[in-house]
Every structure is written in C-alpha cells, then in structure tokens.
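Since the structure is predicted, the reported quantities are computational estimates derived from the model, not experimental observations.
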Amino acid sequence: MAEASCTEGCCGALYVTIQRDGDYVLWDEWRSPDEDEVDLPAWPWEPHQVNVFLFGLRPTLRYQERSA
C-alpha cells in the first residue's frame with residue numbers, strides 16, 4: 001500500500017496478502033524480507049471495516065467489487 005522513499009533495504013518492510021474470502025476480506029500470509037517467519041495471525045475483516053480502516057469511509061458505505 002505504501003513504500004518509504006528509502007525502500008525496504010533501509011527501513012524494512014512487512015508484506016501481506018489481502019484477498020476476498022467469502023463474506024470477508026482476509027489479510028494473511030504475512031512476510032518480511034528480513035525474517036524467515038512473521039508470527040502474525042490471519043485477520044478476517046468485514047468489507048466495510050476495510051473501507052473504514054484504509055480509507056476513513058463511514059461504515060454505512062457498501063463494499064463494491066470491481067467488474068471483471
């Protein structure tokens with residue numbers, strides 16, 4: 001979602017796979033180029049929670065999927 005101007009080599013990085021899983025948006029498969037394993041659990045979010053967390057949108061707004 002963002003990258004520092006100095007890139008991961010200087011400040012480090014944390015990556016996550018974000019995907020739709022049924023009625024939830026799942027944040028999972030956490031990884032870091034500096035660590036063999038990242039001990040973070042999968043985080044299931046309801047779609048409106050993702051909008052609030054990432055974009056500051058009101059929870060009354062509905063998640064809209066992009067048309068394929």
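Residues Val25 and Val16 fall within the same hydrophobic cluster, defined by Ile, Leu, Val, Met, Phe, Trp and Tyr side chains chained together at heavy-atom separations under 4.5 Å.
Under the 4.5 Å side-chain criterion, counting only non-hydrogen atoms from C-beta, Leu14 is not in contact with Arg31.
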Please list every donor-acceptor pair under 3.5 Å in which a side-chain atom of residues 32-46 meets a protein atom from a residue at least two apart or in another chain.
unit_1: Ser32; atom_1: OG; unit_2: Ala13; atom_2: O; d: 3.3
unit_1: Ser32; atom_1: OG; unit_2: Asp34; atom_2: N; d: 3.2

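From Trp27, atom CH2 reaches atom OG1 of Thr17 across 11.5 Å, with rounding to the nearest 0.5 Å. Here Asp28 contributes atom CG and Gln19 contributes atom CD; the two are 7.0 Å apart, rounded to the nearest 0.5 Å.
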